[in-house]
Trainee: 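Below is the structure I would like to discuss, written out as structure tokens.
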Amino acid sequence: MKSPDSNRSEGMAQLPLPGQQFQRFILLFHIVFIAGMCFVLLNRWQRAGYAWGWPEINVTVLVAAQAALYIRFFALPLRSPAVLQWWGFYFPVSFALWFITWRFEPAFEWMVLGYLGQLFGAVPPRYSVPAGLAVFLVWLPAKTGLAGLADLRLRDWLGYLAMVVGWTALGLFIHRLAFTSAERAKLIQELELAKKELEAARERDAELATLRERERLARELHDSLGHGLVTLTVQLEATQKLLPVDPGRASALMEEMKALTRTSMEQLRRSLAGLRAPGLGDHPLGQALQELCAEVAERAHLRIEKHLPDSLSALSPAVCETLWRVAQEGLANVERHARATEARVILERDSKSGLAAESFRRGSQQIALRVVDDGVGLPPNAESRPGHYGLRGLRERVEGLGGTLKVLANTPKGTALEARLPLLPGTP
């Protein structure tokens, strides 16, 4: 397992770096370092009396080797997982080449500062500080000579000590700057990845919502228009057989088929209207529930009581849409199957009583919608009966928001359909 410092070094070496300013700073550092080596080399070539020989060839080769190492190991991002091993090769070789070059040409002495900046920026402090101290201990005797080292006075030693402390502090600052930039680069990459994943999830949710809406329409058409067409087919066959032998009975069946056809067409119109403007549309939930209850009461000759809160503006669109679908499906079942004379639509917030209250923790924010009728009730296992998808699709919709759906017999007769949905804490 790699150490945290190793991970920091690896992160520092990998692009992209965060922020254009830091990238420009790094680019400027590369340009100045390479250009400085080339400038000193060109200046050596232009000196009076310069002539090619082995010293000049050695200096040129040494400078070219340092430039190649710098570009390969430092200017370009490292992709190897063993970053510290790379630095363990690069810095000893580079300092050795610099030392030899400096001994040939004293004007290359400044390059040690560039290498120390690289060392502190790329390597964790527990390695860079001892390595920097070792470079100083090699550089100082080579610069002053052993005799000159013995002749240094106290103020000279204090000056060198101040230089070491100052460069060490600056090096640690450079390392922190590089590490912070690498961490920010990593965070930016993670945020970009999370953004892409969020966009992909949003697209999947949209596709899933479309598929669910298609399933809902398929179920509705199957339960309404499909059943009507099956009945029409049976009655047509019966009419065909009765027409030669009992025209009166055949005529009565044709009247029934006409009425069934009108009912099926009305159901188809309602389905198409739902397809053009699915769910709530632009209507608030309270208004949509009022209109739905009024429409069903008029069409089915039902008395529908409504108990709705005064304000529903704080509910999310997904919760509003689901509650409206629950009311729509519940009243549709009352209209088609219950043979009821009275129904109630009750919407309550923060209610601790109800059919599904045990499904929520104490004190949780929730909202419940119940559709209760006084009809004949639902048959056993109504939700799992083949060919009936309304309640099943409704349960999937409610549970998709973390809620619960229950269908229970009412007392003393009828059916109660209740959906409970959790709300975000602090929802007013």
Side-chain angles (χ1 to χ4, degrees), residues 1-15 17-18 22 25-26 28-30 32-34 36-37 66 69-78 80-103 108-146 148-150 152-186:
M1 180 180 296
K2 292 184 291 185
S3 65
D5 288 333
S6 176
N7 291 332
R8 293 176 185 178
S9 299
E10 180 179 354
M12 191 284 303
Q14 291 183 355
L15 295 178
L17 293 172
F22 191 78
F25 169 78
I26 294 296
L28 179 63
F29 184 89
H30 296 333
V32 169
F33 191 75
I34 297 296
M37 287 193 294
Q66 291 180 78
L69 281 174
Y70 178 79
I71 293 173
R72 172 62 186 88
F73 286 89
F74 198 82
L76 298 179
L78 299 180
S80 170
V83 176
L84 284 178
Q85 285 82 346
W86 283 98
W87 296 144
F89 169 79
Y90 169 73
F91 284 112
V93 173
S94 296
F95 276 114
L97 292 175
W98 161 78
F99 186 83
I100 299 172
T101 308
W102 172 47
R103 302 314 293 165
F108 283 103
E109 183 179 12
W110 67 271
M111 288 177 54
V112 71
L113 301 180
Y115 281 123
L116 288 174
Q118 299 171 30
L119 177 67
F120 281 103
V123 180
R126 69 170 182 265
Y127 300 111
S128 60
V129 172
L133 182 61
V135 171
F136 172 77
L137 295 177
V138 172
W139 166 79
L140 184 59
K143 180 178 177 63
T144 61
L146 294 179
L149 191 65
L152 291 177
R153 291 173 292 180
L154 178 60
R155 66 179 183 181
D156 297 326
W157 284 109
L158 291 177
Y160 284 123
L161 179 63
M163 181 181 67
V164 170
V165 173
W167 271 101
T168 301
L170 179 61
L172 294 177
F173 171 77
I174 293 174
H175 176 78
R176 186 62 188 175
L177 178 64
F179 170 66
T180 302
S181 299
E183 288 295 307
R184 293 165 73 185
K186 183 179 178 181

Trainee: Kindly say whether Trp98 contributes a backbone atom to a donor-acceptor pair with the side chain of Arg103 at under 3.5 angstrom?
Mentor: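 No.
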Trainee: For a quick test of your reading: what N or O donor-acceptor pairs under 3.5 Å do the side chains of residues 133-140 make, sequence neighbours left out?
Mentor:
| unit_1 | atom_1 | unit_2 | atom_2 | d |
| --- | --- | --- | --- | --- |
| Trp139 | NE1 | Glu109 | OE2 | 3.0 |

Trainee: Going by ring pair (Phe, Tyr, Trp, His ring centres under 6.0 Å), Tyr115 matches just one of Phe95, Trp110, Trp102. Which one?
Mentor: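 Of Phe95, Trp110, Trp102, ring pair (Phe, Tyr, Trp, His ring centres under 6.0 Å) with Tyr115 is met by Phe95 alone.
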Trainee: Could you report the tightest heavy-atom contact between Pro125 and Leu172, atom names first, then the distance?
Mentor: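 In terms of heavy atoms, the two residues are closest at CB-CD2, 3.8 Å.
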Trainee: Test side-chain contact (heavy atoms from CB on, under 4.5 Å) on Leu170 and Leu116; report intermediate values, then the result.
Mentor: CA-CA 10 Å; Leu170 179 61; Leu116 288 174; over 6 Å; no
Trainee: In terms of side-chain heavy atoms, does Ser94 have a donor or acceptor partner in Gln66 at a distance below 3.5 Å?
Mentor: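 On atom types as modelled, these side chains do not qualify, holding no pair under 3.5 Å.
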Trainee: Residues in side chain to side chain contact (heavy atoms under 4.5 Å, CB included) with Val93, at least two apart?
Mentor: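 Expected list: Leu69, Phe89, Leu97.
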Trainee: Which residues pass the ring pair (Phe, Tyr, Trp, His ring centres under 6.0 Å) test with Phe91, sequence neighbours left out?
Mentor: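 If we apply the ring pair (Phe, Tyr, Trp, His ring centres under 6.0 Å) test to Phe91, skipping adjacent residues, the hits are Trp87.
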Trainee: To the nearest 0.5 Å, what is the distance between CG (Leu154) and CG (Leu161)?
Mentor: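 These two atoms lie 10.0 Å from each other.
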Trainee: Drop me the distance from Tyr90's OH to Tyr70's OH, to the nearest 0.5 angstrom.
Mentor: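 Rounded to the nearest 0.5 Å, the OH-OH separation comes to 6.5 Å.
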Trainee: Check whether any side-chain heavy atom of Val129 lies under 4.5 Å from a side-chain heavy atom of Phe120, and answer yes or no.
Mentor: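 When only atoms from C-beta onward are counted, Phe120 and Val129 do touch, with a gap below 4.5 Å.
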